[in-house]
There are 2 protein chains.
Amino acid sequence: MADIGIKEIAAKANVSIATVSYVLNGTRNVRPKTRERVLRVIEEMNYKPNNAAQSLKRKRTNTIGVIAEDVTVFNVPEIIDGINDCADKLDMHILLTNLRLDKRISRNFDQVDSYRSFAANAVSELLSKQVDGIIYIGIHPRDLTGLFDTYGKPIVYAYCYTQNDVSLQYNDEQASYDAMAHLVKQGHKRIAVITGMMDSIPSRLRFNGFYKAIMEYNLPFDPQLMKMGNWEAESGYRLTMELLELNEPPTAILAMNDVMAVGVLRAAAEVGVLIPRELSVIGFDNREFSEYLIPRISTMDLPLHEIGYQAMESLALLIKGEPIPNNPLPNCKLIERDSVAPPLRL
Amino acid sequence: MADIGIKEIAAKANVSIATVSYVLNGTRNVRPKTRERVLRVIEEMNYKPNNAAQSLKRKRTNTIGVIAEDVTVFNVPEIIDGINDCADKLDMHILLTNLRLDKRISRNFDQVDSYRSFAANAVSELLSKQVDGIIYIGIHPRDLTGLFDTYGKPIVYAYCYTQNDVSLQYNDEQASYDAMAHLVKQGHKRIAVITGMMDSIPSRLRFNGFYKAIMEYNLPFDPQLMKMGNWEAESGYRLTMELLELNEPPTAILAMNDVMAVGVLRAAAEVGVLIPRELSVIGFDNREFSEYLIPRISTMDLPLHEIGYQAMESLALLIKGEPIPNNPLPNCKLIERDSVAPPLRL
DNA sequence: CTGTTAGCGCTTTCAT
DNA sequence: ATGAAAGCGCTAACAG
């Protein structure tokens with residue numbers, strides 16, 4: 001393709017560059033014959049409009065910046081996929097920035113200052129690139145208010161919270177409520193929960209859903225059945241051991257993520273408790289590995305694709321200056337597999 | 001930030017726009033005092049050069065296009081991470097295109113025509129965006145020669161092959177040889193292999209490594225020990241069953257991916273064969289789930305990050321018109337976990 | 001050391 | 001229905 005521009009096309013088609021521009025953009029009526037001639041030349045010479053020039057003129061790049069805290073963390077690729085899915089339809093492009101946060105600060109999200117500069121730099125470069133807007137993808141749902149300033153550029157946050165901008169999450173409360181409902185429907189009454197770190201928003205939301213189910217289904221509210229984990233498999237293992245030693249152990253465990261559910265499996269295997277016959281387990285996140293475990297565990301699937309899709313939709317609206325409709329939070333979906341069964345009749 | 005450009009800066013700093021440009025780019029000596037004044041104004045007004053204008057002028061965008069066949073397939077995020085890691089250092093940016101191939105055509109890679117247009121479109125848009133080069137990330141190593149034309153723009157392929165362009169893979173042969181060596185060192189002699197689809201390049205390469213180890217270590221070459229799988233867990237399961245029914249069953253199995261290794265685990269569990277005590281297993285790919293299985297399986301880790309990093313390095317060289325050094329294929333790394341032990345003494 | 005100015009490739013107003 | 005020409009915000013001769 002090289003260096004052919006609108007000028008070359010105009011010359012070869014015997015029209016002015018303006019006309020070429022008109023047929024290119026459909027901005028004005030062009031005599032069909034002329035139009036076809038131009039189109040043919042464009043085709044022949046394999047001409048592609050120079051987007052840098054267009055952007056300069058139009059003050060619009062049709063490109064958004066996506067800042068991912070870490071593309072290698074499980075939730076991010078699906079969200080990007082959703083963004084992409086929608087961006088394709090809107091003819092938008094994606095400038096991707098990867099903060100590599102997981103490698104750089106691991107899980108120390110509280111040390112905001114250690115990554116604020118990464119984020120601010122990313123925004124700065126994106127702004128320089130004249131993106132029409134920005135989507136920020138978190139790797140852990142938390143409040144990110146005030147992380148950086150976009151100087152008026154539209155931004156939407158996905159998989160995290162913020163007070164002054166649009167942010168997309170999913171319905172954590174409904175998710176754990178649904179998981180509980182499923183267990184209850186199987187006949188379970190003594191259901192234990194292993195939470196994530198309680199300083200995390202999803203942990204608290206999921207606990208709310210758990211609690212709501214306890215109340216609505218009139219289940220025994222037994223503090224011994226509520227264990228605080230830390231998202232890691234080891235905590236699932238340890239707390240399951242404790243649960244199994246109870247005088248009246250639970251017949252089912254709701255683990256707030258699939259990783260801790262692995263710990264439940266390990267503990268059960270070690271003590272010789274059969275899953276799901278003697279103990280049901282349900283996880284959270286629908287991580288890839290959850291279906292490769294033995295037994296394959298039932299889990300709550302996160303609407304990641306939809307979060308990405310909606311984030312892009314909302315951003316497009318923001319860019320056009322239109323109001324964002326108040327969408328309900330997308331729901332999680334129960335994936336039924338082999339780790340849940342009715343409790344053993346006594 | 002809005003509409004402040006170099007002109008506003010120049011005015012406020014009492015210099016010409018040229019001078020502003022000079023301090024911005026360090027293209028020419030500027031009197032320190034002037035320089036500082038300009039810098040201060042830039043800072044104050046939070047000015048960011050308009051990249052569209054720069055690109056138009058410089059005929060260089062410092063942006064590369066990355067075409068990912070599918071960002072949700074396991075190998076892709078790590079490769080993107082590697083590209084990013086390197087791109088950051090070179091001050092390059094990434095325009096990401098996601099072909100969503102896994103959703104659109106699943107695994108029917110042979111029907112090239114069904115996705116050629118997706119790929120060609122992606123290239124076309126990237127070219128229009130004036131990217132300096134392109135990296136194409138495959139989701140399955142195969143020959144992609146002639147998939148599309150980049151009209152002279154530099155391109156490098158990652159995780160796939162091509163005959164006329166630079167492409168980055170990893171050393172499959174060494175990987176399976178190393179896996180075998182590890183098994184041999186533990187004392188295994190009767191080692192079975194469960195291959196992937198034999199129309200796939202990695203399958204054949206991995207088989208070569210397996211065969212080389214058989215020869216070099218003088219292991220029995222027993223056709224009964226070589227099973228052709230299809231990458232899926234079910235085939236791992238079925239073939240393991242066959243292997244276990246042999247008069248003289250293997251003491252170790254090399255599965256050509258972790259998914260089939262799951263099948264091995266399931267079969268062993270079903271027949272009551274203890275892993276690793278009675279049967280050792282080693283997988284391939286170091287998929288996330290491999291460390292959550294019970295037992296955690298040993299596996300070969302793919303140098304995905306490095307492939308991405310090298311792809312970016314090579315592309316940068318190509319862009320500068322410099323020759324690509326002939327790097328050796330990056331190696332896979334054995335991840336030792338709990339699925340390998342010395343064979344039972346008879 | 002600093003300023004003037006001619007484009008980069010396009011869109012769009014204003015003429016015709 | 002078409003064209004001429006004025007920029008978009010910047011870089012880089014060229015001139016002083």
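In the text below, chain A, chain B and the rest are named by the order of the sequence lines, each starting its count at 1.
As a whole-Å value, the separation of K59(B) NZ from dA12(D) P is 12 Å. Atom P of nucleotide dG9(D) and atom CD of E8(B) are separated by 8 Å, given to the nearest angstrom. Computed from coordinates, the L56(B) CG to dA12(D) C1' distance equals 14 Å when rounded to whole Å. In this structure, the CZ atom of R60(B) is 12 Å from the P atom of dA12(D), given to the nearest Å. A straight line from CD of Q130(A) to P of dG9(D) spans 9 Å, rounded to a whole angstrom. Rounded to whole Å, the distance from NZ on K48(B) to P on dC10(D) is 12 Å. Spacing between atom NZ of K33(B) and atom P of dT2(C) amounts to 10 Å, rounded to whole angstrom units.
Q130(B) and S128(B) form no side-chain donor-acceptor contact under 3.5 Å, judged by distance and modelled atom types alone.
Taking side-chain N and O atoms only, N29(A) has a distance below 4.0 Å to OP1 or OP2 of dA1(D).
When heavy atoms are screened at a 4.0 angstrom cut-off, T34(A) is found touching the sugar-phosphate backbone but no base atom.
Aromatic rings from Y159(A) and Y136(A) are positioned such that their centres are separated by 6.0 Å or more.
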What donor-acceptor contacts under 3.5 angstrom involve side-chain atoms of residues 10-24 of chain B, with partners at least two apart or in another chain?
from, atom 1, to, atom 2, distance (Å)
S16(B), OG, A18(B), N, 3.3
S16(B), OG, T19(B), N, 3.3
S16(B), OG, T19(B), OG1, 3.3
S21(B), OG, N25(B), ND2, 3.3
Y22(B), OH, R28(B), NH2, 3.2

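Positionally, the nearest nucleotide of DNA chain C for N14(B) lies more toward the 5' end than for the other of N50(A) and N14(B).
Under the 4.0 Å criterion applied to side-chain N and carboxylate O atoms, R100(B) and D88(A) are not assigned as salt-bridge partners. Using a 4.0 Å cut-off between charged nitrogen and carboxylate oxygen, K103(A) and D85(B) do not count as a salt-bridge pair.
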A correct 5'-to-3' footprint of nucleotides 11-16 of chain C, with B, S and - meaning base, sugar-phosphate only and no protein heavy atom under 4.0 Å, is BBBB--
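Residues satisfying the side-chain contact (heavy atoms from CB on, under 4.5 Å) criterion with C86(B), sequence neighbours excluded, are L90(B), Y309(B), M312(B), E313(B).
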